Amino acid sequence: MIEQIKQLLNEVEMLRASNAEEVEALRIKYLGKKGIINALMSDFRTVPADKKKEVGMKLNELKNKVQENISALKEQFDSQDNNYDDLDLTRSAYPIKLGTRHPLSIIKNEIIDIFARMGFNIAEGPEIEDDWHVFSALNFAADHPARDMQDTFFIETDNADVRRNVVLRTHTSSVQCRSMEKTQPPIRIICPGRVYRNEAISYRAHCFFHQVEGLYIDKGVSFTDLKQVLLLFAKEMFGNDTKIRLRPSYFPFTEPSAEMDISCNICGGKGCPFCKHTGWVEILGCGMVHPNVLENNGIDSKVYSGYALGMGIERIANLKYRVNDLRLFSENDIRFLKEFEAAN
């Protein structure tokens, strides 16, 4: 056994490895449960008593040498792996789980992209507004129900004179008013943003939601122009086979006013539970800008005309993704959000 140990000592002196995997293989070969050192330890029981001291010392020398050389090899590769010259200490720890865009952001960006290709620019405004831009400038009567506390969030202020004048905007039409105040026609804008209404939260309603409204004002703008824009939008958003229909409606800020339906994109207009077997689904309201609105915002209604339209982003998202509970959009449930990874 002495000669065998001497040969192994010479062999261990020559240990080499080109990567960490080879170092691990050497460790297992010599120090593993079924390795060479353990095998020698087992054979040590058969060594004659008068030889045990000498053989034991050589065996310990071999074991220490193996551990020393393998540790040196391991440190060599560990130092190569831990080269911190290119390490960016400002980065997040690994592994980094990549997130996804929110479904409402996906739909909003798609709507913006469609209208941008038709020449519309984005306009934004404050979410905390005044009565003039949210109601009065848009031809709302002083006793209009939308001004009631049931629909509008009023902001408490120390000044009693303005207490009912500061509100959370109920629609992004207020952005249209601010644009008309600052800019003379032609005006061609879309106004995406979050709005608030004092409603009970349920699967079909929420106290806040998101809108995209559009406005086009110029000389000679007609309802035909509005219809063509709506048809193009519907086909771009829901597919070339989509049909639209316009139904008469009423809004204080447009005259004439209409609500637009599209052929149900689930049943193709044949009728299903989603469209209540009518073949049609309502998606937005629209109309020609009321002359009073133009005059209120400093635009001559005898020279200019225009159209306006508005839609809820949650409504479009429901049609695209068939989400049956509006609360899912604001609960930040990672399981729900991960369902939209393919849409990013």
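Residues take their numbers from the sequence shown, with the count starting at 1. Everything numeric here is computed off the predicted structure, so don't read it as measured data.
Side-chain contact between Val175 and Arg169 is present, with at least one heavy-atom pair separated by less than 4.5 Å. Using a 4.5 Å cut-off on side-chain heavy atoms (C-beta onward), Lys235 and Leu231 make contact. Counting only heavy atoms from C-beta outward, the side chains of Met237 and Ile283 never approach each other to under 4.5 Å. Counting heavy atoms from C-beta on, the side chains of Gln67 and Asn64 come closer than 4.5 Å. Looking only at side-chain heavy atoms (C-beta outward), Thr152 and Asn198 stay at 4.5 Å or farther from each other. A heavy-atom distance below 4.5 Å is found between the side chains of Gln176 and Glu213. Here the side chains of Leu326 and Asn318 are in contact, with some heavy-atom distance below 4.5 Å. The closest side-chain heavy-atom distance from Val303 to Lys219 is below 4.5 Å.
Both Val66 and Met41 belong to a single network of hydrophobic side chains, linked directly or stepwise wherever heavy atoms of I, L, V, M, F, W or Y lie under 4.5 Å apart. Phe251 and Trp132 fall into different hydrophobic clusters, where Ile, Leu, Val, Met, Phe, Trp and Tyr side chains are chained together by heavy-atom contacts under 4.5 Å. Leu15 and Ile28 are members of different hydrophobic clusters when ILVMFWY side chains are connected at heavy-atom separations under 4.5 Å. Put simply, Val289 and Tyr250 are part of two different groups of oily side chains (I, L, V, M, F, W, Y) that touch within less than 4.5 Å, one to the next. If you chain together hydrophobic residues whose side chains sit under 4.5 Å apart, Leu104 and Tyr321 fall into the same group.
The two residues Cys191 and Thr172 have their closest heavy-atom pair at O-OG1, 3.1 Å. In terms of heavy-atom proximity, Ile187 sits nearest to Ser179 at CD1-O, 4.3 Å. Closest heavy-atom contact between Pro192 and Ala123: CD-O, 3.8 Å. Counting all heavy atoms, side chain and backbone alike, Cys286 lies closest to Leu230 at SG-CD1, 3.7 Å. The heavy-atom pair separating Gln211 from Val195 by the smallest distance is OE1-CG1, 3.8 Å. Taking both residues in full, the closest heavy atoms of Thr254 and Ala308 are given as CG2-CB, 4.3 Å, listed atom of the first, atom of the second, then distance.
At distances below 3.5 Å, not a single donor-acceptor pair connects side-chain atoms of Asn296 with backbone N or O atoms of Leu138. Between the Arg245 side chain and the Trp280 main chain, no donor and acceptor come within less than 3.5 Å of each other. A donor-acceptor pair under 3.5 Å is formed between the side chain of His102 and the backbone N or O of Phe329. Between the Asp130 side chain and the Asn165 main chain, no donor and acceptor come within less than 3.5 Å of each other. At least one donor-acceptor pair closer than 3.5 Å links the side chain of Asn69 to the backbone N or O of Val12. With Gln184 contributing its side chain and Ile299 its backbone, the two residues share no donor-acceptor pair below 3.5 Å. The backbone N or O of Ser222 lies less than 3.5 Å from a partner atom in the side chain of Asp225, making a donor-acceptor pair. When atom types are taken as modelled, the side chain of Asp113 and the backbone of Asn109 share no donor-acceptor pair closer than 3.5 angstrom. A donor-acceptor pair is defined here as one N or O able to donate and one able to accept, closer than 3.5 Å; such a pair exists between the side chain of Arg315 and the backbone of Glu282. Checked by atom type and distance alone, the side chain of Arg247 never pairs as donor or acceptor with a backbone atom of Glu259 at under 3.5 Å.
Between Phe253 and Phe140, the two ring planes are tilted [angle within 30° to 60°].
For Glu295, the CD atom counts as densely surrounded, since its 6.0 Å shell holds more than 12 non-hydrogen atoms of other residues, nucleotides or ligands. When the shell of 6.0 Å around NZ of Lys320 is examined, it contains more than 12 heavy atoms from other residues, nucleotides or ligands. Around the CZ atom of Arg335, the shell of radius 6.0 Å holds no more than 12 heavy atoms that belong to other residues, nucleotides or ligands. Applying the 6.0 Å contact sphere to CD1 of Ile128 captures no more than 12 heavy atoms from other residues, nucleotides or ligands.
Salt-bridge annotation for Arg178 and Glu181: absent, with no side-chain N of the basic residue lying under 4.0 Å from a carboxylate O of the acidic one. Ion pair Glu13/Lys65 flagged as a salt bridge, since at least one NZ, NE, NH1 or NH2 atom sits closer than 4.0 Å to an Asp/Glu carboxylate oxygen.
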Please evaluate residues Lys63 and Leu40 with respect to the criterion side-chain contact (heavy atoms from CB on, under 4.5 Å), reporting the C-alpha separation (whole Å), side-chain torsions for both, the decisive distance (0.1 Å), and the verdict.
CA-CA 10 Å; Lys63 182 179 179 181; Leu40 290 173; over 6 Å; no
For the pair Arg16 and Glu22, evaluate side-chain contact (heavy atoms from CB on, under 4.5 Å) and give the outcome as yes or no after the intermediate values.
CA-CA 9 Å; Arg16 297 290 184 272; Glu22 291 184 7; over 6 Å; no
Could you go step by step and tell me if Glu11 and Leu8 meet the side-chain contact (heavy atoms from CB on, under 4.5 Å) rule?
CA-CA 5 Å; Glu11 182 179 312; Leu8 289 171; 4.1 Å; yes
Under the side-chain contact (heavy atoms from CB on, under 4.5 Å) rule, what do Leu168 and Phe208 come out as? Steps first, then yes or no, please.
CA-CA 10 Å; Leu168 294 179; Phe208 72 87; over 6 Å; no
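Here CG of Asp151 is found 10.0 Å from CZ of Phe153. Values are rounded to the nearest 0.5 Å. Taken to the nearest 0.5 Å, the CD1 atom of Ile111 stands 7.0 Å off from the CD1 atom of Ile114. With rounding to the nearest 0.5 Å, the separation of CG in Leu284 from CG in Leu246 is 8.5 Å. With rounding to the nearest 0.5 angstrom, the CZ atom of Arg194 is 12.0 Å from the CZ atom of Phe209. Rounded to the nearest 0.5 Å, atoms CD1 (Ile190) and CE (Met118) are 8.5 Å apart. Rounding to the nearest 0.5 Å gives a distance of 9.5 Å between CD1 of Ile244 and OG of Ser263.
A ring pair (Phe, Tyr, Trp, His ring centres under 6.0 Å) with Tyr216 is found for exactly one of Tyr304, Phe223, Tyr307, namely Tyr307.
For His206 and Glu314, the side-chain atoms include no donor-acceptor pair closer than 3.5 Å.
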